[in-house]
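To keep things clear, I will list the structure first and then write my remarks on it.
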Amino acid sequence: MKTTLALGRIARAGVLSLLFAAVLTPPTAAQDHSDPTETQPDARPNNPEMTAIFEADQAARKKPDIDWEKVAIEDAARRKRVGELLNGGALQSGDDYYHAAFVFQHGDAPSDYLKAHALALLAVSRGRKSATWIAAATLDRYLMAIGQPQIYGTQFTKRDDGWSQEPYQRELLSDALREASSVPPIAQQERQRSALSARDTGE
């Protein structure tokens, strides 16, 4: 029996996302390759239907005594509709892509988690900076779904012998990189895992 918990949030399934990195070279007075539009706010309007779908996705997970079979059916319908909006070019803003990433993170296949990761990256690129966390979580979820170790530590799984983050390749990323992605450091993750185990054993 497994129940998966994303760091700071509870979710049902297990795994996702794709890692990317950039090498930054400080510009000099004679050589400035910065994009003058980088710091400008993204003015693309939000899609009201996408906002409503996201709110429904979140509300379904806050009800007492959640019927997860019913939620899974609703999740599938939400993913289908969001896919239609994406394919029709109806989603454009950072918030739209951020909301869509959460919908696909609640999928049930590695391809759902991979799509969620791509959407999270788009959200960041279009001004939704807080999407760095969902980008990390979806990568972890995707990796674990294909049998590979997570690298940020966002996924907690309840097993018969207690809570676990394994498989987890802790040494690949530094805590500084985790912090840049809005992910808690390893020491804090360990405290959370211990708290979950203590809660379940009544300690």
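Quick note: residue numbers are just sequence positions, from 1.
No side-chain N or O of Arg199 forms a donor-acceptor pair with one of Ser197 less than 3.5 Å apart. Side chains of Asn46 and Thr51: a donor-acceptor N/O pair is absent below 3.5 angstrom, by distance only.
Between Asp96 and Leu119, every side-chain heavy-atom pair lies at or beyond the 4.5 Å cut-off. A heavy-atom distance below 4.5 Å is not found between the side chains of Leu143 and Tyr113.
For Ser194, the side chain to side chain contact (heavy atoms under 4.5 Å, CB included) criterion is met by no residue, not counting sequence neighbours. Partners of Ile73 by side chain to side chain contact (heavy atoms under 4.5 Å, CB included), not counting sequence neighbours: none found. Applying the side-chain hydrogen bond (donor to acceptor under 3.5 Å, both in side chains) criterion to Ser182, with sequence neighbours excluded, gives Thr132. In terms of the side-chain hydrogen bond (donor to acceptor under 3.5 Å, both in side chains) criterion, residue partners of Arg78 (sequence neighbours excluded) are, by chain and number, Asp75. In terms of the side-chain hydrogen bond (donor to acceptor under 3.5 Å, both in side chains) criterion, Asn47 has no residue partners (sequence neighbours excluded). Glu84 is linked by a side-chain hydrogen bond (donor to acceptor under 3.5 Å, both in side chains) to Lys80, Arg81, counting only residues two or more places apart in sequence or in another chain. With sequence neighbours left out, Arg79 forms a salt bridge (Lys or Arg N to Asp or Glu O under 4.0 Å) with Asp108, Asp112. Residues satisfying the salt bridge (Lys or Arg N to Asp or Glu O under 4.0 Å) test with Arg191, not counting sequence neighbours, are none. Legend: residues meeting salt bridge (Lys or Arg N to Asp or Glu O under 4.0 Å) with Glu55, ordered by chain and number and at least two apart, are absent. Every residue meeting the salt bridge (Lys or Arg N to Asp or Glu O under 4.0 Å) condition with Asp175, not counting sequence neighbours, appears here in chain and number order: Arg178. Partners of Ser111 according to the side chain to side chain contact (heavy atoms under 4.5 Å, CB included) rule, which considers only residues two or more places apart in sequence or in another chain, are Ala109.
Between the side chain of Gln155 and the main chain of Ser164, no donor-acceptor pair closer than 3.5 Å is present. Counting only distance, with no hydrogens or angles, the side chain of Gln189 and the backbone of Pro184 share a donor-acceptor pair below 3.5 Å.
Of the charged side-chain nitrogens involved, none lies within less than 4.0 Å of a carboxylate oxygen, so that Arg193 and Glu166 do not count as a salt-bridged pair.
By the 6.0 Å contact criterion, CD on Glu190 is enclosed, its count of non-hydrogen atoms from other residues, nucleotides or ligands being greater than 12. By the 6.0 Å contact criterion, CD on Glu171 is enclosed, its count of non-hydrogen atoms from other residues, nucleotides or ligands being greater than 12.
Within the hydrophobic cluster formed by Ile, Leu, Val, Met, Phe, Trp and Tyr side chains joined at under 4.5 Å, directly or through other members, Tyr168 is accompanied by Ile186.
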